[in-house]
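The structure appears right after this line, and notes come after that.
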Amino acid sequence: NAGVMQNPRHLVRRRGQEARLRCSPMKGHSHVYWYRQLPEEGLKFMVYLQKENIIDESGMPKERFSAEFPKEGPSILRIQQVVRGDSAAYFCASSPLGKGTGGNTDTQYFGPGTRLTVL
Amino acid sequence: GEDVEQSLFLSVREGDSSVINCTYTDSSSTYLYWYKQEPGAGLQLLTYIFSNMDMKQDQRLTVLLNKKDKHLSLRIADTQTGDSAIYFCAENPDNQGGKLIFGQGTELSVKP
């Protein structure tokens, strides 16, 4: 069973360009979470999605950032008009079921991350 | 409020035990987690503990939970150089949806 896949692993963008980060959850997982890790810091929650639904986007910046998890295909985190402060590692995690389902079915498994550098 | 605190650095000698400490603020957290991050890599789930437990042991890893003091620790027995990494504790508060709240991470350095 393949783990959580993210691509690209490294992404370089110039200021003002768009960045698209992709995440394929583990097989059988229908819940996806995105986190951002700034240099020398811990991970900060951004958004939690199920298929075709955004469940919690309380950690997403109000502008330029959006996320989706379509019925078919990977989850996408999109950053428009990137700025230098967007440079970070972006991690995706998936879980089999969601919060409150009991046991360890909401345990989150992380992908290798996408390291975004904005020049 | 949501705040998870860890000390930033720990240095031990190979073969010694390492103890990484963490304090959290949300008493509603059902599960508490330890993740390991090696340089340039993602987070690897090491272990987790259910909030009604005091202790969980898994091979070289022992997790202790003091719910009254909101204190969590990870003990690594017989620490090896391959254990050098950053260790993150995380809580999963019941009233915060599915998100994990992470500490800043403790960088463990194991010297031969």
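Residue numbers begin at 1 in each chain, while the letters A, B, ... track the order of the sequences. What you are looking at is a predicted structure, and each value in this text was computed from that prediction instead of being measured.
No more than 12 heavy atoms of other residues, nucleotides or ligands shown are found within 6.0 angstrom of CE on A/M5. A/E18 CD: more than 12 foreign heavy atoms inside a 6.0 Å radius. Counting heavy atoms of neighbouring residues, nucleotides and ligands inside a 6.0 Å radius, atom NZ of B/K56 exceeds 12 of them. Applying the 6.0 Å contact sphere to CZ of A/R15 captures no more than 12 heavy atoms from other residues, nucleotides or ligands.
Within the model, atoms CZ of B/F88 and CG of A/L43 stand 6.0 Å from one another, a figure rounded to the nearest 0.5 Å. Atom NZ of residue B/K99 and atom NZ of residue A/K44 lie 10.5 Å apart, to the nearest 0.5 angstrom.
A chain of hydrophobic side-chain contacts below 4.5 Å, direct or via other Ile, Leu, Val, Met, Phe, Trp or Tyr residues, connects B/Y35 to A/V4. In the hydrophobic cluster analysis, where Ile, Leu, Val, Met, Phe, Trp and Tyr join through side-chain heavy atoms closer than 4.5 angstrom, A/M26 is grouped together with A/Y35. Under the 4.5 Å side-chain heavy-atom criterion for grouping Ile, Leu, Val, Met, Phe, Trp and Tyr, B/M55 is not connected to B/L74 through any hydrophobic cluster. By the criterion of side-chain heavy atoms lying less than 4.5 angstrom apart, applied directly or through intervening Ile, Leu, Val, Met, Phe, Trp or Tyr residues, A/Y90 is not grouped with A/F110; the two fall into different hydrophobic clusters. If you chain together hydrophobic residues whose side chains sit under 4.5 Å apart, A/F91 and A/V47 never meet in one group.
Nearest heavy atom pair, residue A/R115 against residue B/A41, reads NH2-O, 3.3 Å.
Of the two parts of A/I55, neither the backbone nor the side chain holds a non-hydrogen atom closer than 4.5 Å to a non-hydrogen atom of chain B. Heavy atoms closer than 4.5 Å to chain A are found in both the backbone and the side chain of B/L43. For chain B, no part of A/Q6 is nearby; none of its heavy atoms comes within less than 4.5 Å. Only the side chain of B/Q37 has a heavy atom closer than 4.5 Å to any heavy atom of chain A.
Among B/L45, B/L100, B/L8, the residue making the largest number of heavy-atom pairs under 4.5 Å with chain A is B/L100.
For residues 69-77 of chain A, an interface with chain B (any heavy-atom pair closer than 4.5 Å) does not exist.
For the pair B/Y33 (side chain) and A/Q108 (backbone), a donor-acceptor distance under 3.5 Å is absent.
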